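Inspection log for the structure reproduced underneath, given as structure tokens.
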Amino acid sequence: MRDLQRIRLALTTTLALMQPAFASEMGHGEMAAAIRGADYPCQQVLELQATGDGAWHVQCNSGTYQVTRDANGQFSVVKTN
């Protein structure tokens, strides 16, 4: 369990440091990683749609999610179905 927490922290830190690279678009692999980092299963992003500045609607093989990124680069993920 402790290793999983360290992995999540490393992922969150990495994504936050890479924030400028995600200015308006985010790749499917990075989005899947953000969703998995929030403890949801997502092996493959099927559809990715920007819904605003720092917000995306994501269709994964495991469900649909609303992903947002705050000013500090932290991601929040909510399952919508």
Side-chain angles (χ1 to χ4, degrees):
M1 187 62 146
R2 186 163 269 205
D3 288 336
L4 182 58
Q5 290 172 333
R6 287 181 183 151
I7 291 169
R8 273 192 230 140
L9 178 60
L11 175 63
T12 301
T13 302
T14 301
L15 290 173
L17 291 173
M18 295 175 66
Q19 180 181 355
F22 298 134
S24 63
E25 293 187 27
M26 203 166 154
H28 287 204
E30 293 91 355
M31 187 61 72
I35 293 169
R36 287 191 303 268
D39 281 339
Y40 291 105
C42 181
Q43 292 183 359
Q44 182 179 10
V45 171
L46 305 174
E47 184 179 324
L48 176 61
Q49 178 181 18
T51 58
D53 189 31
W56 299 268
H57 177 80
V58 185
Q59 175 66 47
C60 249
N61 62 304
S62 61
T64 305
Y65 302 91
Q66 183 66 34
V67 180
T68 56
R69 182 184 63 221
D70 67 18
N72 295 322
Q74 299 294 316
F75 288 91
S76 296
V77 180
V78 176
K79 189 164 185 174
T80 59
N81 71 342

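What you see is a predicted model, and the numbers here were worked out from it, not measured in a lab. In what follows, residues are counted from 1 in the order of the sequence shown.
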To the nearest 0.5 Å, what is the distance between [atom1] ([X]) and [atom2] ([Y])?
X	Y	atom1	atom2	value
Tyr65	Gln59	OH	CD	9.0 Å
Met31	Met26	CE	CE	4.0 Å
Trp56	Ile35	CH2	CD1	11.0 Å
Thr64	Glu47	OG1	CD	8.5 Å
Thr68	Asp53	OG1	CG	11.5 Å

Checklist entry - Do Val67 and Phe75 touch side chain to side chain, with heavy atoms closer than 4.5 Å? => result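 Counting from C-beta outward, Val67 and Phe75 do come under 4.5 Å.
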Checklist entry - Which residues pass the side-chain hydrogen bond (donor to acceptor under 3.5 Å, both in side chains) test with Gln66, sequence neighbours left out? => result Thr51
[X] side chain to [Y] backbone, donor-acceptor under 3.5 Å:
X	Y	result
Asp70	Asn72	yes
Asn61	Gln43	yes
Arg36	Cys42	yes

